[in-house]
Protein chains: 2
Amino acid sequence: MATPSKTRRPDELTLEVVDLIGSVVARYHEEYEEAAAEHALTGAQARLLSLLSLEPLPMRKLAQRLRCEPSNVTGIVDRLETRGLVERRPDPADRRVKLAAATDEGRRVARSLRDSLRFAREPLAGLSEEQRLTLRDLLRRMLGVEV
Amino acid sequence: MATPSKTRRPDELTLEVVDLIGSVVARYHEEYEEAAAEHALTGAQARLLSLLSLEPLPMRKLAQRLRCEPSNVTGIVDRLETRGLVERRPDPADRRVKLAAATDEGRRVARSLRDSLRFAREPLAGLSEEQRLTLRDLLRRMLGVEV
DNA sequence: ACCCGGTTACTTGACATCATGAAATATTCA
DNA sequence: TGAATATTTCATGATGTCAAGTAACCGGGT
């Protein structure tokens, strides 16, 4: 409330919105890690398992989705494989490729993880349906989703 | 207020919004890490340095802000101290306490980091002022900021 | 005043995970 | 055959937790 009329460079309002987004990011992360920990998973393991719960993927594609090095994915898949949540399959079309796939148990854990993600309920509960629609459209536009 | 046609439990629209928020979170994180890397900092170092650029803090409070164990903060401050971006000072009021404070150079880096955070511009650039206002209000409400 | 036990602040050490990069191996493709 | 691709292994460093250790504060009770 200090500077009403001054035109700052990145502008006051934008800064506040960025700050709010920062808070949302922090909270989202916290709750995600927390939900993962309840299933004895790390954040990285939970993200990878969630991806695989939809469809099997080659290691290379996993690395692209997670934006990290393939050698890193090797380790994460190793740990999940040890626990029987993920398995490696050969790709019949290319013998260089290994497909990582969630096991039945892995899919079960992924579903349970998804359900325990409180973020889907609490923060959005305070918004009416119309407000959620507005928020959806604004977020879409922010992310450059073609309307 | 009521659900449209299908009465899913977490409801379709909410799921989409949560998903969009997930994308925002991913993008924010990516760009934050990228901006940090441009200054030869890791994400954790950048967050800690940003906190200290505002005011010196005891190690214990840093751990609370960063939501991690104090022993972890010791290491991060060690690395920043080695690079001359942070220093430890005694707390005159309590000799158990060590205050971590950004050096001049540390504050300079923190400022530069803040400036290079593209997230403040690009994604919000597509929104009109009115839309940004709406987004601010919705985010505030989501985060439970008392209106 | 004194000491004493409990608490707090920080560090250290051991250990697991995550992340990168370089090198090795196997396979595909032109 | 030779270049490119997919994966793994290894070395290294940062992050994170937990348990144990040291130093300092604090609030009695005598």
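Because only heavy atoms are used, hydrogens play no part in the values below, and waters and symmetry mates are left out as well, while side chains stay in. Letters A, B, ... are given to chains in the order of the sequence lines, protein chains preceding strands, and every chain is numbered from 1.
- Partners of B/H29 according to the ring-ring contact (aromatic ring centres under 6.0 Å, His included) rule, which considers only residues two or more places apart in sequence or in another chain, are A/H29.
- A/L99 belongs to a hydrophobic cluster whose remaining members, ordered by chain and number, are A/V97; membership requires side-chain heavy atoms of ILVMFWY residues under 4.5 Å apart, directly or through intermediates.
- Look at A/R136 and B/D19 and you find no salt bridge, because none of the NZ, NE, NH1 or NH2 atoms lies under 4.0 Å from a carboxylate O.
- In this view, B/T42 satisfies the side-chain hydrogen bond (donor to acceptor under 3.5 Å, both in side chains) rule with no residue, not counting sequence neighbours.
- Counting distance only, with no hydrogens placed and no angle test, the side-chain atoms of A/S71 and the base atoms of C/dG21 include a donor-acceptor pair under 3.5 Å.
- For the contact set between residues 44-62 of chain A and DNA chain C, defined by any heavy atom under 4.0 Å, the members are A/A44, A/Q45.
- By the 4.0 Å N-to-carboxylate-O rule, A/R108 lies close enough to A/E105 to be salt-bridged with it.
- Listed by residue number, B/I76, B/R79 are the residues of residues 73-82 of chain B with a heavy-atom contact under 4.0 Å to DNA chain D.
- The environment of B/E130 atom CD is sparse: at most 12 non-hydrogen atoms of other residues, nucleotides or ligands sit within 6.0 angstrom.
- Counting non-hydrogen atoms under 4.0 angstrom, B/D94 reaches the backbone sugars and phosphates but no base.
- Between B/E87 and B/R89 a salt bridge is recorded (basic side-chain N to carboxylate O distance below 4.0 Å).
- A/L57 shares a hydrophobic cluster with A/L41, A/L48, A/L49, A/L51, A/L52, A/M59, A/L62, A/L66, A/V73, A/I76, A/V77, A/L80, A/L85, A/V86, A/V109; the chain of contacts runs through ILVMFWY side chains whose heavy atoms sit under 4.5 Å apart.
- Considering only side-chain atoms of B/K98, the nucleotide from D/dC25, C/dC10, C/dA26 that sits closest is C/dC10.
- Interface remark: the B/R96 side chain does form a donor-acceptor pair with the C/dT8 base, using a distance-only criterion of under 3.5 Å.
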